[in-house]
Chemist: 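Attaching a single structure in C-alpha coordinates format; questions to follow.
Keep in mind that the numbers below use all heavy atoms, side chains included, and drop hydrogens, waters and symmetry copies. Because the structure is a prediction, the values reported are computed rather than measured. Note that ligands are numbered from 1 as they come in the structure, with each ligand's atoms numbered from 1 the same way.
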Amino acid sequence: MILAPRPGERHAPAGSRHNRTMQLLTTRRLDLAPYDLDRDLEALHNMFADPEWARGGYSTPSRSEAESVERLDREFGDNGGRTWVLRLRPDETAIGVIAVFSDQGTTIRGLSWYLSREHWGAGLMSEAARVVVDHLLAQPDITGVEAWIDSRNTRSIGVARNAGLDLAGRLPRTNPGEIVQSIIMARAATPSDPTTFAIRPILQVPNVTTTAALLRDLLGLHLRFQSDDDSFARLELTQWNGGSGIDLQSATSEISPSTITFEVGVLVDPLYDAAVAAGLTATPPANTPWYRRTFTLILPEGHQLTFSGPIPQ
Ligand SMILES: CC(C)(COP(=O)(O)OP(=O)(O)OC[C@H]1O[C@@H](n2cnc3c(N)ncnc32)[C@H](O)[C@@H]1OP(=O)(O)O)[C@@H](O)C(=O)NCCC(=O)NCCS
(Lines give C-alpha, C1' and ligand atoms only; values in the text may rest on other atoms or scores of the structure.)
Protein backbone atom coordinates (compact mmCIF):
# COMPACT_ATOMS: atom_id res chain seq x y z
CA MET A 1 0.00 0.00 0.00
CA ILE A 2 1.37 3.42 -0.91
CA LEU A 3 0.38 6.07 1.55
CA ALA A 4 0.18 9.75 0.78
CA PRO A 5 2.50 11.81 3.00
CA ARG A 6 0.73 13.58 5.85
CA PRO A 7 2.01 16.65 7.70
CA GLY A 8 5.19 15.65 9.50
CA GLU A 9 5.75 12.63 7.21
CA ARG A 10 7.96 12.06 4.21
CA HIS A 11 8.33 8.99 2.04
CA ALA A 12 11.26 6.68 2.73
CA PRO A 13 14.25 7.32 0.53
CA ALA A 14 14.26 5.28 -2.67
CA GLY A 15 16.27 2.08 -2.34
CA SER A 16 15.25 1.27 1.20
CA ARG A 17 15.26 -2.47 0.59
CA HIS A 18 12.41 -3.71 2.77
CA ASN A 19 9.95 -0.89 3.03
CA ARG A 20 9.79 1.03 -0.18
CA THR A 21 6.18 1.93 0.49
CA MET A 22 6.44 2.99 4.11
CA GLN A 23 6.99 6.48 5.30
CA LEU A 24 9.71 8.34 7.08
CA LEU A 25 8.03 9.91 10.10
CA THR A 26 9.54 12.80 11.98
CA THR A 27 9.29 14.08 15.54
CA ARG A 28 10.86 17.11 17.19
CA ARG A 29 14.24 15.38 17.66
CA LEU A 30 13.94 12.16 15.69
CA ASP A 31 13.68 10.72 12.23
CA LEU A 32 11.72 7.47 12.25
CA ALA A 33 13.07 5.68 9.19
CA PRO A 34 11.64 2.48 7.72
CA TYR A 35 13.81 -0.38 8.98
CA ASP A 36 16.44 -1.78 6.64
CA LEU A 37 18.15 -5.02 7.71
CA ASP A 38 21.49 -4.34 6.02
CA ARG A 39 21.72 -0.78 7.28
CA ASP A 40 20.31 -1.15 10.81
CA LEU A 41 21.13 -4.66 12.03
CA GLU A 42 24.50 -3.90 13.62
CA ALA A 43 23.14 -1.05 15.74
CA LEU A 44 20.01 -2.96 16.74
CA HIS A 45 22.00 -6.08 17.57
CA ASN A 46 24.28 -4.04 19.86
CA MET A 47 21.14 -2.93 21.70
CA PHE A 48 19.60 -6.43 21.90
CA ALA A 49 22.90 -7.94 23.10
CA ASP A 50 23.25 -5.55 26.06
CA PRO A 51 22.40 -7.56 29.22
CA GLU A 52 21.52 -4.41 31.21
CA TRP A 53 19.15 -3.33 28.45
CA ALA A 54 17.49 -6.75 28.51
CA ARG A 55 17.19 -6.68 32.31
CA GLY A 56 15.50 -3.26 32.12
CA GLY A 57 12.97 -4.66 29.66
CA TYR A 58 12.44 -7.97 31.52
CA SER A 59 13.62 -9.91 28.48
CA THR A 60 16.73 -11.88 27.57
CA PRO A 61 19.67 -10.52 25.57
CA SER A 62 20.57 -11.80 22.10
CA ARG A 63 23.61 -14.10 22.16
CA SER A 64 24.42 -13.64 18.47
CA GLU A 65 23.56 -11.47 15.52
CA ALA A 66 21.59 -14.41 14.12
CA GLU A 67 19.41 -14.34 17.25
CA SER A 68 18.77 -10.63 16.75
CA VAL A 69 17.76 -11.25 13.12
CA GLU A 70 15.50 -14.08 14.28
CA ARG A 71 13.95 -11.86 16.96
CA LEU A 72 13.21 -9.02 14.53
CA ASP A 73 11.84 -11.48 12.02
CA ARG A 74 9.68 -13.34 14.56
CA GLU A 75 8.22 -10.20 16.06
CA PHE A 76 7.96 -7.88 13.10
CA GLY A 77 8.74 -9.95 9.98
CA ASP A 78 5.20 -10.05 8.64
CA ASN A 79 3.93 -6.61 9.66
CA GLY A 80 3.58 -5.04 6.23
CA GLY A 81 6.78 -3.03 6.68
CA ARG A 82 5.53 -1.11 9.72
CA THR A 83 8.93 -1.11 11.44
CA TRP A 84 10.70 2.17 12.07
CA VAL A 85 14.16 2.77 13.48
CA LEU A 86 14.79 5.84 15.62
CA ARG A 87 17.57 8.18 14.53
CA LEU A 88 18.55 11.15 16.64
CA ARG A 89 19.09 13.92 14.09
CA PRO A 90 21.58 14.64 12.58
CA ASP A 91 23.02 11.17 13.30
CA GLU A 92 21.78 8.38 11.04
CA THR A 93 22.59 5.45 13.34
CA ALA A 94 19.58 3.49 14.60
CA ILE A 95 19.25 4.07 18.35
CA GLY A 96 16.12 1.96 18.69
CA VAL A 97 13.14 0.49 16.93
CA ILE A 98 9.36 0.83 17.14
CA ALA A 99 7.19 -1.59 15.22
CA VAL A 100 3.87 -3.30 14.79
CA PHE A 101 3.83 -7.04 15.50
CA SER A 102 3.41 -9.47 12.64
CA ASP A 103 -0.07 -9.45 11.19
CA GLN A 104 -2.53 -11.71 13.01
CA GLY A 105 -5.42 -10.82 10.74
CA THR A 106 -7.08 -8.37 13.12
CA THR A 107 -7.59 -4.62 12.90
CA ILE A 108 -6.20 -4.24 16.43
CA ARG A 109 -2.44 -4.31 16.11
CA GLY A 110 0.22 -4.90 18.75
CA LEU A 111 3.08 -2.45 19.05
CA SER A 112 6.50 -2.69 20.68
CA TRP A 113 9.40 -0.33 21.24
CA TYR A 114 13.07 -0.80 22.10
CA LEU A 115 15.64 1.94 22.74
CA SER A 116 19.41 1.65 23.30
CA ARG A 117 20.20 2.09 26.97
CA GLU A 118 22.44 5.16 26.62
CA HIS A 119 19.38 7.10 25.39
CA TRP A 120 16.90 6.07 28.07
CA GLY A 121 15.13 8.68 30.17
CA ALA A 122 15.23 11.58 27.69
CA GLY A 123 11.65 11.20 26.50
CA LEU A 124 12.75 9.91 23.09
CA MET A 125 10.57 6.80 22.91
CA SER A 126 7.56 8.71 24.20
CA GLU A 127 8.14 11.21 21.40
CA ALA A 128 8.42 8.43 18.80
CA ALA A 129 5.46 6.41 20.12
CA ARG A 130 3.10 9.38 20.03
CA VAL A 131 3.82 9.99 16.33
CA VAL A 132 3.76 6.31 15.36
CA VAL A 133 0.51 5.62 17.23
CA ASP A 134 -1.17 8.70 15.70
CA HIS A 135 0.05 7.56 12.28
CA LEU A 136 -1.16 3.97 12.72
CA LEU A 137 -4.58 4.97 14.01
CA ALA A 138 -5.06 7.13 10.92
CA GLN A 139 -4.72 4.03 8.67
CA PRO A 140 -7.97 2.49 7.40
CA ASP A 141 -6.94 -1.10 8.28
CA ILE A 142 -6.16 -0.32 11.95
CA THR A 143 -8.90 0.35 14.52
CA GLY A 144 -6.76 0.16 17.64
CA VAL A 145 -3.25 -0.41 18.96
CA GLU A 146 -2.19 -2.48 21.96
CA ALA A 147 1.08 -2.78 23.85
CA TRP A 148 1.62 -5.78 26.16
CA ILE A 149 4.00 -4.63 28.88
CA ASP A 150 5.53 -6.44 31.85
CA SER A 151 3.73 -4.92 34.85
CA ARG A 152 7.10 -3.98 36.41
CA ASN A 153 8.32 -2.08 33.33
CA THR A 154 7.42 1.42 34.50
CA ARG A 155 9.41 3.12 31.73
CA SER A 156 7.50 1.31 29.03
CA ILE A 157 4.18 1.94 30.78
CA GLY A 158 5.14 5.63 30.76
CA VAL A 159 5.82 5.48 27.01
CA ALA A 160 2.39 3.91 26.45
CA ARG A 161 0.65 6.54 28.55
CA ASN A 162 2.50 9.32 26.77
CA ALA A 163 1.25 7.89 23.46
CA GLY A 164 -2.33 8.02 24.70
CA LEU A 165 -2.72 4.32 25.58
CA ASP A 166 -4.72 3.36 28.67
CA LEU A 167 -4.93 0.24 30.79
CA ALA A 168 -7.27 -2.26 29.13
CA GLY A 169 -6.53 -5.60 30.80
CA ARG A 170 -4.00 -8.12 32.08
CA LEU A 171 -2.60 -11.44 30.94
CA PRO A 172 -0.34 -13.97 32.66
CA ARG A 173 3.14 -14.23 31.21
CA THR A 174 5.75 -16.95 31.50
CA ASN A 175 9.14 -15.25 31.62
CA PRO A 176 12.38 -17.22 31.93
CA GLY A 177 12.44 -18.43 35.54
CA GLU A 178 9.32 -16.61 36.70
CA ILE A 179 5.60 -16.15 36.25
CA VAL A 180 4.69 -12.50 35.81
CA GLN A 181 1.88 -10.42 34.37
CA SER A 182 1.60 -8.30 31.26
CA ILE A 183 -0.61 -5.28 31.37
CA ILE A 184 -2.43 -4.50 28.18
CA MET A 185 -2.29 -0.81 27.27
CA ALA A 186 -4.57 0.19 24.40
CA ARG A 187 -5.86 3.09 22.35
CA ALA A 188 -8.72 2.95 19.85
CA ALA A 189 -8.85 5.00 16.67
CA THR A 190 -12.33 6.05 17.74
CA PRO A 191 -12.51 5.94 21.53
CA SER A 192 -15.85 5.05 23.03
CA ASP A 193 -17.17 4.05 26.44
CA PRO A 194 -17.96 0.33 26.60
CA THR A 195 -21.63 -0.58 26.82
CA THR A 196 -20.83 -3.33 29.35
CA PHE A 197 -17.86 -2.91 31.66
CA ALA A 198 -18.31 -5.74 34.12
CA ILE A 199 -19.93 -9.17 34.33
CA ARG A 200 -21.24 -10.41 37.65
CA PRO A 201 -22.47 -14.01 37.80
CA ILE A 202 -24.59 -15.07 40.75
CA LEU A 203 -23.83 -18.35 42.52
CA GLN A 204 -26.50 -19.90 44.69
CA VAL A 205 -24.68 -21.54 47.61
CA PRO A 206 -25.70 -23.35 50.80
CA ASN A 207 -23.47 -21.14 52.99
CA VAL A 208 -22.48 -17.67 51.79
CA THR A 209 -19.79 -17.09 54.44
CA THR A 210 -18.02 -20.38 53.73
CA THR A 211 -17.92 -19.89 49.95
CA ALA A 212 -16.91 -16.22 50.30
CA ALA A 213 -13.98 -17.21 52.53
CA LEU A 214 -12.94 -19.94 50.10
CA LEU A 215 -12.91 -17.61 47.08
CA ARG A 216 -11.19 -14.86 49.05
CA ASP A 217 -8.43 -17.14 50.32
CA LEU A 218 -7.89 -19.11 47.13
CA LEU A 219 -8.22 -16.33 44.56
CA GLY A 220 -7.45 -13.14 46.46
CA LEU A 221 -10.94 -11.79 45.75
CA HIS A 222 -12.07 -8.81 47.80
CA LEU A 223 -15.25 -8.84 49.85
CA ARG A 224 -17.11 -5.70 48.85
CA PHE A 225 -20.28 -6.32 50.82
CA GLN A 226 -21.94 -8.99 52.92
CA SER A 227 -25.45 -8.78 54.31
CA ASP A 228 -25.95 -9.14 58.06
CA ASP A 229 -28.28 -12.10 57.60
CA ASP A 230 -25.64 -13.96 55.55
CA SER A 231 -27.96 -14.25 52.55
CA PHE A 232 -25.76 -12.29 50.13
CA ALA A 233 -22.10 -11.40 49.51
CA ARG A 234 -20.41 -9.51 46.70
CA LEU A 235 -16.78 -10.35 45.87
CA GLU A 236 -14.72 -8.32 43.42
CA LEU A 237 -11.45 -8.80 41.59
CA THR A 238 -9.74 -5.77 43.11
CA GLN A 239 -10.17 -3.40 46.01
CA TRP A 240 -11.20 -0.67 43.56
CA ASN A 241 -14.73 0.29 42.60
CA GLY A 242 -16.15 -0.33 39.14
CA GLY A 243 -14.69 -3.77 38.38
CA SER A 244 -16.00 -7.27 37.80
CA GLY A 245 -16.83 -9.78 40.47
CA ILE A 246 -19.19 -12.48 41.60
CA ASP A 247 -22.27 -12.42 43.83
CA LEU A 248 -23.11 -15.21 46.26
CA GLN A 249 -26.68 -15.83 47.27
CA SER A 250 -27.96 -18.16 49.92
CA ALA A 251 -29.91 -20.93 48.16
CA THR A 252 -33.58 -21.10 48.95
CA SER A 253 -34.35 -24.04 46.68
CA GLU A 254 -32.46 -26.81 44.89
CA ILE A 255 -29.19 -25.52 43.36
CA SER A 256 -28.58 -25.83 39.61
CA PRO A 257 -24.81 -26.14 39.24
CA SER A 258 -23.00 -23.41 37.28
CA THR A 259 -19.62 -23.43 35.54
CA ILE A 260 -17.38 -20.36 35.87
CA THR A 261 -13.81 -19.81 34.72
CA PHE A 262 -11.44 -17.59 36.68
CA GLU A 263 -8.39 -16.27 34.80
CA VAL A 264 -5.51 -16.01 37.27
CA GLY A 265 -2.05 -14.54 36.94
CA VAL A 266 -0.36 -17.13 39.19
CA LEU A 267 0.47 -20.80 38.76
CA VAL A 268 -2.63 -22.94 39.30
CA ASP A 269 -0.81 -25.94 40.80
CA PRO A 270 -0.39 -24.35 44.27
CA LEU A 271 -4.08 -23.35 44.13
CA TYR A 272 -4.96 -26.95 43.36
CA ASP A 273 -2.78 -28.17 46.25
CA ALA A 274 -4.47 -25.69 48.60
CA ALA A 275 -7.93 -26.77 47.45
CA VAL A 276 -7.12 -30.46 47.94
CA ALA A 277 -5.53 -29.73 51.33
CA ALA A 278 -8.78 -27.99 52.31
CA GLY A 279 -10.65 -31.22 51.56
CA LEU A 280 -12.24 -30.01 48.30
CA THR A 281 -12.74 -32.08 45.16
CA ALA A 282 -10.81 -30.96 42.06
CA THR A 283 -9.66 -32.36 38.72
CA PRO A 284 -5.82 -32.33 38.52
CA PRO A 285 -4.16 -29.44 36.63
CA ALA A 286 -3.58 -29.97 32.89
CA ASN A 287 -2.32 -27.83 30.01
CA THR A 288 -4.80 -26.68 27.37
CA PRO A 289 -4.08 -26.29 23.64
CA TRP A 290 -4.56 -22.50 24.11
CA TYR A 291 -1.49 -22.17 26.36
CA ARG A 292 -3.12 -22.13 29.76
CA ARG A 293 -2.96 -24.57 32.65
CA THR A 294 -6.30 -25.29 34.29
CA PHE A 295 -7.97 -27.32 36.98
CA THR A 296 -11.60 -27.46 38.02
CA LEU A 297 -12.83 -27.27 41.57
CA ILE A 298 -16.13 -29.03 42.16
CA LEU A 299 -17.97 -27.52 45.11
CA PRO A 300 -20.11 -29.82 47.27
CA GLU A 301 -23.28 -28.30 45.77
CA GLY A 302 -22.04 -29.10 42.24
CA HIS A 303 -20.72 -25.74 40.96
CA GLN A 304 -17.64 -26.18 38.77
CA LEU A 305 -15.04 -23.44 39.16
CA THR A 306 -12.25 -23.65 36.59
CA PHE A 307 -8.99 -21.85 37.35
CA SER A 308 -6.96 -20.92 34.28
CA GLY A 309 -3.39 -19.69 34.68
CA PRO A 310 -0.03 -19.52 32.92
CA ILE A 311 1.82 -22.64 31.83
CA PRO A 312 4.99 -23.13 33.89
CA GLN A 313 8.20 -23.14 31.90
C1 LIG B 1 10.95 1.21 27.54
C2 LIG B 1 11.90 2.15 26.80
C3 LIG B 1 11.67 2.05 25.31
C4 LIG B 1 11.63 3.59 27.30
O5 LIG B 1 12.31 4.50 26.47
P6 LIG B 1 12.71 5.97 26.99
O7 LIG B 1 12.99 6.84 25.83
O8 LIG B 1 13.73 5.84 28.04
O9 LIG B 1 11.33 6.42 27.64
P10 LIG B 1 10.97 7.93 28.00
O11 LIG B 1 12.21 8.71 28.30
O12 LIG B 1 10.07 8.41 26.92
O13 LIG B 1 10.23 7.76 29.37
C14 LIG B 1 9.08 6.99 29.54
C15 LIG B 1 8.65 7.08 30.98
O16 LIG B 1 9.59 6.43 31.82
C17 LIG B 1 9.87 7.28 32.92
N18 LIG B 1 11.25 7.06 33.35
C19 LIG B 1 12.35 7.60 32.84
N20 LIG B 1 13.44 7.18 33.52
C21 LIG B 1 12.98 6.34 34.45
C22 LIG B 1 13.59 5.58 35.47
N23 LIG B 1 14.91 5.59 35.66
N24 LIG B 1 12.82 4.81 36.26
C25 LIG B 1 11.49 4.79 36.09
N26 LIG B 1 10.86 5.50 35.15
C27 LIG B 1 11.59 6.26 34.35
C28 LIG B 1 9.68 8.65 32.39
O29 LIG B 1 9.43 9.52 33.47
C30 LIG B 1 8.54 8.53 31.46
O31 LIG B 1 7.28 8.60 32.08
P32 LIG B 1 6.59 10.04 32.29
O33 LIG B 1 6.64 10.77 30.99
O34 LIG B 1 5.20 9.67 32.70
O35 LIG B 1 7.35 10.74 33.34
C36 LIG B 1 13.39 1.79 27.12
O37 LIG B 1 13.57 1.89 28.52
C38 LIG B 1 13.76 0.40 26.65
O39 LIG B 1 14.14 0.20 25.50
N40 LIG B 1 13.70 -0.58 27.58
C41 LIG B 1 14.06 -1.97 27.24
C42 LIG B 1 13.10 -2.58 26.24
C43 LIG B 1 11.68 -2.50 26.69
O44 LIG B 1 11.36 -2.60 27.85
N45 LIG B 1 10.78 -2.32 25.71
C46 LIG B 1 9.36 -2.29 25.96
C47 LIG B 1 8.78 -3.66 25.83
S48 LIG B 1 7.04 -3.61 26.17
Chemist: Grouping I, L, V, M, F, W and Y whenever their side-chain heavy atoms are under 4.5 Å apart, do M47 and L88 come out in a common cluster?
Modeler: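 Yes; tracing contacts between hydrophobic side chains, which count when under 4.5 Å, links both residues.
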Chemist: Report the C-alpha separation of T294 and S308 in whole Å, then their side-chain angles, then the decisive distance to 0.1 Å, and conclude whether the side-chain hydrogen bond (donor to acceptor under 3.5 Å, both in side chains) test is met.
Modeler: CA-CA 4 Å; T294 66; S308 170; over 6 Å; no
Chemist: Write down, by chain and number, every protein residue that brings a non-hydrogen atom to less than 4.0 Å from an atom of ligand 1.
Modeler: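 Heavy-atom contacts below 4.0 Å: W53, G57, W113, Y114, L115, W120, G121, A122, G123, L124, M125, S126, W148, I149, N153, T154, R155, S156, G158, V159, N162.
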Chemist: Under a plain distance cut-off of 3.5 Å, with no hydrogens placed, do Q204 and S253 share a side-chain donor-acceptor pair?
Modeler: no
Chemist: Whether the D230 and Q226 side chains hold a donor-acceptor pair (N or O, under 3.5 Å, no angle test) is what I'd like checked.
Modeler: yes
Chemist: I'd like to know if D247 and R224 make a salt bridge, using a cut-off of under 4.0 Å between side-chain N and carboxylate O.
Modeler: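 No, D247 and R224 are not salt-bridged.
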Chemist: Starting from I108 and following side-chain heavy-atom contacts under 4.5 Å between hydrophobic residues (I, L, V, M, F, W, Y), which residues can be reached?
Modeler: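 ILVMFWY cluster around I108 holds nothing else.
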